[in-house]
Amino acid sequence: MPATVVVGTQWGDEGKGKFTDLMAKDMSMVVRFQGGHNAGHTLVVDGESFALQLCPSGILYPYIVPVIGNGVVVDPRVLISETEMLRSRGVDTSNLKVSGNAHLILPFHQEIDRLTERRLGNRKLGTTKRGIGPAYADKASRVGLRVQDLLDAKIFRQKLEALAKEKNQILAKVFNQLPLDVDEIAAEYLDECLPKIEPYIADTVTLVHDALDAGQHVLFEGAQATFLDLDHGTYPFVTSSNPVAGGVTTGAGVGPRYIDRVVGVAKAYVTRVGTGPFPTELAITADAIGGKPRDDASAEEIALGDHFVEVGREYGTVTGRRRRPGWFDAVMLRQAVRLNSLSELAITKLDILDGLDTVKVCVAYDVDGVRHTHLPYHQSDLHAARPIYEELPGWSTPLGDVTEPAGLPKEAEDYLAFLQDQVGVPVRLVGVGPGREQYVKRDV
Ligand code: IMP
């Protein structure tokens, strides 16, 4: 059955967009199944860079039907600005479909996300402040508004008024803020947004099944990543959806029997934005928004951390924040292989390791003198985990122009072979630069 899922296997920002885009080429349909505009996928096509937050990567191909599934939370204002941006750059967006069952992000959600983070101070989660968590919370509480509600102004208003009553009380009593105006929100969503997004609204479950039944190839595009998963990630430092491959079943309405290939995307090192445990983290120089190195970090460690951030351009596409860098963590990856039933790995940004004398891979954790090769079940152990590294020789030849496995320096090939041996699934694709053509396909 021709369904492929692509997921992030670390804490996001693995460069999924690049390989999703590459795989999308051979697909008829690309479906997003969770998350919202907290995602930031950068695609580089013919030297031109496209930053997508909500639209599936396949939107850049005219023959692909890009689908925003029911599991996504949609801010219609963002959908409009993104489709307008794409059209202004010559991309045809008329094939886009948005599930009527997807939940809407409303101004309340964004406001409460921002204010909650502010109130938490040092204990903040580091969210993208896009209203993602509050929108999913309302969905689970069965008080959310869905995209299809826009199609019935009376229903939309009724639901909005009920929600506003509660949210405005929270804004006033918990956060000491002025209430949001229901009329203004209704006018913006119904009068300004609806006419622009109505042509996209569809029964996406039927569309996806029609495509699968017709033998067409469908790609399910994950956003965020395995360790930001609400159930399987480093809770509470997670997002509010299920980015693991299983999220496809609920977020797009497709049972597991349809899925025959699950590609996990992993960066050749690891980064994370926001708060939360990170066993292989390297210190970096203090950044403008308060990040500072650990007191005991060596100058060598800080230089390496800075190398990953600066050479790897590790700044959030959505927030502009400097990401926290670290060495590749095979313990996490083994867990990601299990959680997603990965059939293969795509390694991105291998070129960022160019020029390092040695490269390290975390093969196990030491928790109070006990060696763990699989993720410890108790999160306190993850906080206490000290990485046990294997060190491999680095390579000096730049990888940017390599297109065939034979062109990889021996040390880079040995590194990839080591990774796949450690995690137990083949590394089939390797990114060696940001451009669409900068990758190597390995025959394994
Ligand atoms: P939220 O998804 O905005 O609620 O943020 C929850 C956590 O997920 C925070 O640590 C965010 O930094 C992280 N996060 C959300 N989206 C992404 C993403 O696309 N890449 C990396 N981290 C993300």
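Indexing begins at 1, ligand by ligand and atom by atom, following the structure's order.
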What are the atoms of ligand 1, with element, lying closer than 4.0 Å to any heavy atom of V238?
-> 6 (C), 7 (C)

Within-cut-off N or O pair, N38 and ligand 1, under 3.5 Å | yes

Going by the atom numbers of ligand 1, which of them fall below 4.0 Å from some non-hydrogen atom of W11?
-> 21 (C), 22 (N)

Residue-ligand contact R130/ligand 1, heavy atom below 4.0 Å | no

Do any N/O atoms on S240 end up under 3.5 angstrom from N/O atoms on ligand 1?
-> no

So how far is it from L106 CG to Q110 CD, rounded to the nearest 0.5 Å?
-> 10.0 Å

In this structure, CZ of F418 is separated from CZ of F328 (nearest 0.5 Å) by 10.0 Å

Looking only at non-hydrogen atoms, the one of L125, D113, D13, T239 nearest atom 1 (P) of ligand 1 is T239

Are the side chains of E221 and H41 in touch, meaning some heavy atoms are under 4.5 Å apart?
-> yes

Spacing of CG belonging to D75 relative to OH belonging to Y189, to within rounding of 0.5 Å | 4.5 Å

Any N or O of I132 closer than 3.5 Å to N or O of ligand 1 | no

In terms of atom number and element, which parts of ligand 1 are under 4.0 angstrom from non-hydrogen atoms of G126?
-> 9 (C), 10 (O), 11 (C), 12 (O)

Under the criterion salt bridge (charged side-chain N to carboxylate O under 4.0 Å, His left out), which of R272, K349, R324, R322 is the partner of E314?
-> K349

For A39, the ligand 1 atoms with a heavy-atom partner under 4.0 Å come out as 19 (O)

Assign the ring pair F308 / W327 to parallel, tilted or perpendicular, where the plane angle (0 to 90°) is split at 30° and 60°.
-> perpendicular

Do D113 and K129 meet the salt-bridge criterion of a basic N to acidic O distance under 4.0 Å?
-> no

L228 contact mode with ligand 1 (heavy-atom cut-off under 4.0 Å) | side chain

